[in-house]
Amino acid sequence: MAQNVKEIFSGSAGRASAPPAPAALAAKVRTLAPSMTRSMQRVAEAVAADPAGCAALTVTGLAELTGTSEATVVRTARLLGYPGYRDLRLALAGLAAQQQSGRAPAITTDIAVDDPIADVVAKLAYDEQQTLADTAAGLDTVQLGAAVAAAVGARRIDVYGVGASGLVAQDLTQKLLRIGLIAQAHSDPHLAVTNAVQLRAGDVAIAITHSGSTGDVIEPLRVAFERGATTVAITGRPDGAVAQYADHVLTTSTARESELRPAAMSSRTSQLLVVDCLFVGVAQKTYETAAPALAASYEALAHRHRR
């Protein structure tokens with residue numbers, strides 16, 4: 001195996017990440033809370049709901065407030081990306097200061113079946129904006145830069161995704177093809193695995209899965225990883241199973257799921273932002289060849305848009 005799976009899953013295989021900025025804290029809580037234990041969720045929900053109040057508490061005070069233990073508070077802080085509780089308190093103080101200087105949103109994302117269409121538009125627009133802001137705030141630019149560098153020098157790029165994530169996979173490969181890179185999107189799990197078998201060092205495999213646990217996406221990424229390709233996971237669950245086989249993890253955010261707006265809709269928004277960031281980074285690094293290739297692709301299709 002090209003790398004130790006346990007090391008990658010534990011985050012000690014070279015993925016250096018700075019603690020999240022205060023603005024990213026709420027996004028991290030929304031992203032990671034579903035995968036936390038119930039006691040850790042209580043800590044995370046408390047700090048997100050009242051950053052100013054929690055910033056004033058010692059680790060013992062926060063443990064008592066949430067009915068948990070000091071160890072649970074520290075584990076929650078570390079899962080959110082902070083070395084210890086002291087660092088989390090500093091981030092909470094910074095977040096509280098930012099909130100006090102700004103205005104709270106006037107709308108929520110809860111959509112009722114009898115909402116006027118104007119309210120639906122306003123709520124969805126706010127929801128999309130929040131999802132994009134959360135994703136941007138939580139995106140690890142070190143990991144993004146490493147993924148860009150790998151794609152720039154790749155012999156070929158395979159992208160795996162099913163369902164809504166499959167549409168995002170197609171979007172990425174179409175962009176890469178138009179700047180002259182060799183890229184393929186695979187939504188058929190059998191074809192994905194048989195293509196992954198052909199990958200080797202110098203190739204790149206990208207898995208897109210919001211849940212981080214989609215077997216049809218994890219399996220080809222595992223095969224690509226074992227063949228020595230550089231692997232990238234775009235996921236809303238950085239602690240999910242897909243991360244075991246990812247050299248680089250790009251985390252997406254998602255809005256709160258509701259009956260009228262399933263997670264697939266909001267997760268796709270954040271995935272498309274990450275895909276655009278990845279593509280633009282590659283285009284910047286390959287501008288000498290990307291610009292002529294993009295111009296040629298526009299010209300090849302121009303006659304289809306003329307009347």
Side-chain angles (χ1 to χ4, degrees), residues 124-125 128-129 131-133 135-136 139 141-210 217 220-221 224 227 229-235 247-248 250 252 264-307:
L124 287 178
E128 297 284 354
Q129 292 167 6
T131 299
L132 293 173
T135 299
L139 189 58
T141 54
V142 174
Q143 291 296 301
L144 177 61
V148 166
V152 165
R155 180 182 69 102
R156 62 181 263 197
I157 301 169
D158 278 16
V159 189
Y160 315 123
V162 296
S165 296
L167 299 176
V168 178
Q170 292 179 30
D171 180 76
L172 175 57
T173 55
Q174 288 176 21
K175 286 181 168 72
L176 295 175
L177 285 168
R178 294 190 71 174
I179 60 172
L181 275 66
I182 299 175
Q184 301 178 78
H186 300 286
S187 57
D188 182 304
H190 292 180
L191 286 176
V193 171
T194 55
N195 276 272
V197 169
Q198 306 302 323
L199 298 180
R200 60 176 186 265
D203 296 330
V204 170
I206 301 172
I208 305 176
T209 163
H210 171 64
V217 172
L221 191 73
R227 294 283 168 166
T230 299
T231 52
V232 180
I234 299 176
T235 179
D247 296 308
H248 310 295
L250 305 178
T252 60
M265 295 174 65
S266 56
S267 64
R268 189 165 67 247
T269 300
S270 55
Q271 288 172 347
L272 287 169
L273 174 60
V274 173
V275 159
D276 278 351
C277 291
L278 180 61
F279 166 73
V280 171
V282 172
Q284 287 177 317
K285 297 291 185 182
T286 61
Y287 185 77
E288 293 295 325
T289 55
L294 193 58
S297 69
Y298 276 122
E299 182 61 30
L301 296 173
H303 69 282
R304 296 182 176 273
H305 301 291
R306 296 184 186 128
R307 294 191 178 187

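- A side-chain hydrogen bond (donor to acceptor under 3.5 Å, both in side chains) with S165 is found for one member of R268, Q170, Q271 and no other, namely Q271.
- Counting heavy atoms from C-beta on, the side chains of R156 and N195 come closer than 4.5 Å.
- In the displayed structure, I182 atom CD1 is contacted under 6.0 Å by at most 12 heavy atoms of other residues, nucleotides or ligands.
- Smallest separation of non-hydrogen atoms from A154 and I157: CB-CG1, 3.8 Å.
- When all heavy atoms of V204 and I206 are compared, the closest pair comes out as CG1-CG1, 3.9 Å.
- For the atom pair CG of L199 and CG of D158, the computed distance is 4.5 Å after rounding to the nearest 0.5 Å.
- In this structure, V232 and L250 have side chains that are in contact, with non-hydrogen atoms separated by less than 4.5 Å.
- Of the inter-residue distances, the one linking R155 atom CZ with D203 atom CG reads 4.0 Å to the nearest 0.5 angstrom.
- Closest approach of A196 and P220 over heavy atoms only: CB-O, 3.4 Å.
- Between atom CG of residue D171 and atom CZ of residue F279 there is a gap of 9.5 Å, rounded to the nearest 0.5 Å.
- One distance of note links CD1 of I208 with CG of L221; it measures 11.0 Å at 0.5 Å rounding.
- Rounding to the nearest 0.5 angstrom, the gap separating the NE2 atom in H248 from the CG atom in L278 is 11.0 Å.
- Under a 3.5 Å cut-off, the side chain of T135 and the backbone N or O of T252 do not form any donor-acceptor pair.
- Nearest heavy-atom pair across L144 and C277 is CD2-CB, 4.0 Å.
- Between A150 and T230, the closest heavy-atom pair is CB-CG2, 3.7 Å.
- Not counting sequence neighbours, the partners of D276 by the salt bridge (charged side-chain N to carboxylate O under 4.0 Å, His left out) test are K175.
- Side-chain atoms of T231 come within 3.5 Å of backbone atoms of D247 as a donor-acceptor pair (strictly under, hydrogens ignored).
- Between A224 and A205, the shortest heavy-atom distance links the atoms CB-CB, 3.5 Å.
- Between E128 and T269, the side chains place a donor N or O and an acceptor N or O closer than 3.5 Å (distance only, hydrogens not considered).
- Here the CG atom belonging to L181 is positioned 11.5 Å from the OG1 atom belonging to T173, to the nearest 0.5 angstrom.
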